Amino acid sequence: MRVVLVGRSADRDRIRQDLVEAGLEVVAEAATLAAARALDVASDAWLLATPDAPAATPARLAPDPDAPAPGATPEEPLTPRERDVLDLLALGLPNKAIAARLGISDQTVKFHVASIIGKLGARNRTDAVTRAVRRGMVAI
């Protein structure tokens with residue numbers, strides 16, 4: 001995961017090595033959120049280094065503000081087949097039932113569901129349907 005480390009210099013210094021050892025790639029650092037916003041760096045999240053955080057939990061994860069907001073139109077549109085799968089997800093059908101209705105394998109459905117979740121920025125299939133309903137992509 002690519003992160004921007006935000007906080008006071010001393011706090012960033014205190015946790016930087018732990019982050020790298022945990023497998024996070026620190027792509028930039030900033031003293032304030034305003035300074036982080038001004039950076040032209042692609043990242044997955046911002047880590048907020050706080051002075052009172054213990055070593056085991058050195059920072060708070062904040063979503064990248066450039067990521068699509070919940071309810072926003074996805075950057076990459078759903079394919080026609082993904083829309084078909086989403087419509088059946090909204091009916092509450094499991095993967096095998098969706099596969100049977102569309103004449104595809106349940107593994108293909110699983111692939112489409114994962115793609116839908118990713119494109120909508122959802123946490124799971126239920127969240128994907130909720131986000132799709134809010135965006136007017138599907139009616140229930």
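For this chain, numbers begin at 1 and follow the sequence in order. This structure is a prediction, so every number in the text was calculated from the model and none was measured.
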Full working for side-chain contact (heavy atoms from CB on, under 4.5 Å) between I116 and M137:
CA-CA 12 Å; I116 291 165; M137 300 171 72; over 6 Å; no
Quick one: list whatever passes side-chain contact (heavy atoms from CB on, under 4.5 Å) with D40, sequence neighbours left out.
none
Residues N124 and D127: closest non-hydrogen pair is OD1-N, 2.7 Å
Using every non-hydrogen atom in the two residues, find where I117 and R125 come nearest and quote the distance to one decimal.
CD1-N, 3.6 Å
Test side-chain contact (heavy atoms from CB on, under 4.5 Å) on R123 and R131; report intermediate values, then the result.
CA-CA 10 Å; R123 293 180 297 277; R131 289 172 185 242; 3.9 Å; yes
From N95 CG over to L89 CG, what is the distance, rounded to the nearest 0.5 angstrom?
7.5 Å
Please step through side-chain contact (heavy atoms from CB on, under 4.5 Å) for the pair I104 and R81, ending with a clear verdict.
CA-CA 11 Å; I104 58 178; R81 182 56 93 185; 4.1 Å; yes
Closest heavy-atom pair and its distance - L86, V138:
O-CG2, 4.5 Å
Salt bridge (charged side-chain N to carboxylate O under 4.0 Å, His left out) partner of R16, the single match among E29, E25, E21
E29
Testing the basics here: between A128 and L120, what is the closest heavy-atom pair and its distance to 0.1 Å?
O-CD1, 3.4 Å
According to a hydrophobic-cluster definition based on side-chain heavy atoms being under 4.5 Å apart (Ile, Leu, Val, Met, Phe, Trp, Tyr only), do L88 and F111 belong together?
no
If a pair satisfies side chain to side chain donor-acceptor pair (under 3.5 Å) and one of its residues is in residues 107-118, list it, with sequence neighbours excluded.
E82-S115, S105-T108
Does the side chain of I15 come within less than 4.5 Å of L5's, by heavy atoms?
yes
D106: partners by side-chain hydrogen bond (donor to acceptor under 3.5 Å, both in side chains), with sequence neighbours left out:
none
Residues V109, V113; criterion side-chain contact (heavy atoms from CB on, under 4.5 Å); working and verdict:
CA-CA 6 Å; V109 172; V113 170; 4.1 Å; yes
